[in-house]
Enquirer: 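The structure under discussion is supplied below as structure tokens; questions concerning it will follow.
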Amino acid sequence: MAKKIMTVDDSSSVRQMVGLTLKDAGYDVVEGVDGADALAKLKASPVDMVITDLNMPNMDGIELIRGLRALPTFKFTPIIMLTTESQASRKEEGKNAGATGWIVKPFKPDQLIAVVKKVLG
Amino acid sequence: MAVEIDTSAYVEEARELLSELEDSLLELEASPEDADLIGRVFRAMHTIKGSGAMFGFDQIAKFTHEVETIFDMARNRVIPVTKGLIDLTLEARDQIRAILEASTGGVPVDEEESVRIIAGLKSLTPEGGGGAAEVKVKRGPAEVKGPVPYRIRIQPHKDLFANGTNPLLLLNELSDLGAPFNVVANLSALPGLDELDPEACFTGWEVFLTTDKGENAIRDVFIFVEDECDLNIRMLTPEDGLTQGEEVKKLGEILVERGAIQRERLENFVGHQAPLGERLVQAGLVPKDQVQAALAEQKIIQEKREQQKKEESAASVRVPSEKLDVLVNLVGELVTVQARLNQTAALLADHNLQLIAEEIERLTGELRDNTMSIRMLPIGSTFNKFKRLVRDLSKELGKQVEMTTEGADTELDKTVIDQLNDPLVHIIRNSIDHGIESPAERVAAGKSAEGRVHLAAEHSGASVLIKVEDDGKGLDVERIRAKGIEKGLIPPDGDVPEKEIFNLIFAPGFSTAAKITNVSGRGVGMDVVRRSIDALRGTIEVDSRKGYGSTITLRLPLTLAIIEGLLVQIGSECFVLPLAAVEECVELSRKEVDAAHGRHMINVRGEIVPYIRIRDRFQVEDAAPEIQQIVIAEVDDRRVGFVVDHVIGQHQTVIKSLGKSFSHSEEFSGATILGDGSVALILDLQKMVRFVEKEETDELSGPRAA
């Protein structure tokens, strides 16, 4: 069965780009429009992996990661954060919150797939 | 919010400082001990550097900084003020000036010049003694470093899982980097079951991986977890596994080094009978996983060591080349005698003798192939020599040229390689001098300022193709045509194909260079090249597109000593045709000759093939047989037939040169001695075709010209 990945971003174009890339690579994709939306959806239905933006309204990415790690279901789930070059400190913050890894924006589809393969197998 | 900074003030100031710098340096040359002067030189450079960086002249700042660093040593009396130092500093001053002018719209500067000056200056310092100028030459894709064994120790922190990391995936990723790949788990930190926290990571791993991707590729695998585990990556060299006695390290040694056991405890243990590792584990002195890891390390080192030994022993035979020449001559003699033995055996019809003769024929063939392969050398060393040539030439001519190579491992007979050097030098000189344009011209033509000369070698049947390509301005067909007409080499009104016009550059005394340069253009070049290549029994071809560059292709035989030939008979004479060129043999009956109405053409399965009657050319008097044979060969990419009486068969041909008295008979590339002691001439098919073509053109154009 195809593995399910949630992409969380307030920008619909980023969600679409990430979503299409993952679908092309054979993954199932669900979307979250911000941290709160994602957390609610994930509590209801778990996934194999989460890819989240950091700067979002209604609960940012860091808070989402902390929230997920507090849930037994998401204790060991790979979580990848999308960061920009200038956010080295945010990267550190994200790691401390429990993120598995990161992708620096802007990225190419094959870079995204390489990272997904790296943490999800 | 880009702010336009006015740089003209800096440029003015820098110009002043540079002339001041020059004056001070010249004064310093007269009184090298004057500390005030040294100080003035230093300050001038320092100001040029400092303001340069402020106004965005980074290249000046960087270059001046390097020069200043070295001159600082002179100021501090670490190095003496010598003529050499002043010369180089003056050159550096000129270079700074050039960079300054370039950045205000002047001609681009030669980066290599900067590198050379700095390298020269550095060689004056105590650390850089003898340092030569660096040469920037890119190589073709052939250069790959061999795989290297690594030992990777991974000790994750307990909270590794808390970030959703699966260490198994990391190990999988490592295994994708190369093989052999061994993992030994380190379980020494694993607590008893009652203390075990299933959500914490207690296991460490030791990975032995042989990869050609380098240490950075290994580190990249751990990019997300570098803060969550201790990583130790080490390249294992064969020396790692060696004690002073040059023996492969014993297991105990490795364990002591890893700190798994103390030496005294180990020594108490030695002397027992069972393998050390087993006994150590049984005695509880060393944990089992530690022993396994150490054993894995030992194995890798042993393998690497053996591999290296193999390589060393393979590369260690050195023989003077004269000895090889003698060997080749002897093999040649042997081949000739063997042919005689074959013939005698056939004549005597003695079955036993024939068996022996066949056996000897087989062995001689192998011996010949082996001997020839010993003389084969990769052409790479010759290519490397040209890198320097390209660098020096391009500098002399004020051009920027990058040389790339391909197929440097292509092997050729040593004799061929030796004789190839001069013609190739000529061709490359020509490419750079006449082909590649000056940087300004190139940029104006929409090309990159840096020109390219590409040297490539590859095998093609029994020949080797060597190509010299440049992306310069190409040959000017019209100018060559005009010159050819002027010299009477081609008819003024004739429709001469482009390829033949290009070939005119090989005519003696032919040069279209408007002015004679130091390097080439005196009109003695390409005809000499043509002659050298002919002497090697090779061919040369030019192809060119105006504005896009030229390609010169050399086709050379693999070897000059022994070839496979096809022995044929015409009348009572025997001839040898090089078998590599032969494609097939067909019959030619008198009926077909009559049907062709005097034209020398034959229809071979629908394809019209022209043929040359060797009988006519060499005026063999005996009558031709009713059915003759046509040997069809590929000459200059075309199929041409050669009419003979009989095809006798394949013949190992030891090439003997014809000597000076026969040097005018160009249709022959040599002679060989047959089994019965008689001599057969070896035909040079290409030359024959050219001769016949020339004769025919002369016949055709003769009446018209008259």
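By convention in this document, chain letters (A, B, ...) are assigned in the order of the sequence lines, proteins followed by strands, and residues within each chain are numbered from 1.
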Enquirer: Chain B heavy atoms under 4.5 Å from A:Leu120: which part of the residue, side chain, backbone, both or neither?
Expert: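 Just the backbone, heavy atoms under 4.5 Å.
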
Enquirer: Is it the backbone or the side chain of B:Asp220 that comes under 4.5 Å from a heavy atom of chain A, or both, or neither?
Expert: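 Only the backbone of B:Asp220 comes within 4.5 Å of chain A.
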
Enquirer: Within the 4.5 Å heavy-atom criterion, are A:Lys75 and B:Phe161 side-chain neighbours or not?
Expert: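 Not touching, per the 4.5 Å side-chain cut-off.
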
Enquirer: Please say whether more than 12 non-hydrogen atoms of neighbouring residues, nucleotides or ligands are located less than 6.0 Å from NE2 in B:His65.
Expert: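 No.
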
Enquirer: Do other residues, nucleotides or ligands put more than 12 heavy atoms under 6.0 Å from the NZ atom of B:Lys62?
Expert: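 Not more than 12 within 6.0 Å, no.
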
Enquirer: So what's closer than 4.5 Å to chain A heavy atoms on B:Ile223: side chain, backbone, both or neither?
Expert: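 The answer is both parts of B:Ile223.
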
Enquirer: Tell me whether A:Gln16 at atom CD has more than 12 heavy atoms from other residues, nucleotides or ligands lying less than 6.0 Å away.
Expert: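 It does not: A:Gln16 CD has 12 such atoms or fewer within range.
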
Enquirer: I need the A:Ile79 CD1 to B:Asn163 CG distance, nearest 0.5 Å.
Expert: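 Result: 8.5 Å between the selected atoms.
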
Enquirer: Give, for atom CG of B:Leu160 and atom CZ of A:Phe76, the distance between the pair rounded to the nearest 0.5 Å.
Expert: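 Rounded to the nearest 0.5 Å, the CG-CZ separation comes to 10.5 Å.
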
Enquirer: How close do A:Thr100 and B:Phe224 get, counting heavy atoms only, and between which atoms?
Expert: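 Minimum heavy-atom contact is O-CB, 3.3 Å.
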
Enquirer: If I measure from the heavy atoms of chain B, does A:Ile80 come under 4.5 Å with its side chain, its backbone, both, or neither?
Expert: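 Only the side chain of A:Ile80 comes within 4.5 Å of chain B.
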
Enquirer: Against chain A, label B:Glu199 side chain, backbone, both or neither, depending on which of its atoms sit under 4.5 Å from a heavy atom there.
Expert: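 Answer is both: backbone and side chain atoms of B:Glu199 are under 4.5 Å from chain A.
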
Enquirer: With a 4.0 Å cut-off, would you call A:Lys117 and B:Glu173 a salt bridge?
Expert: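 Judged by the 4.0 Å cut-off on N to carboxylate O distance, A:Lys117 and B:Glu173 do not form a salt bridge.
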
Enquirer: What's the shortest heavy-atom distance between B:Val221 and A:Lys118, and which atoms?
Expert: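 Shortest heavy-atom contact: O-NZ, 2.5 Å.
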
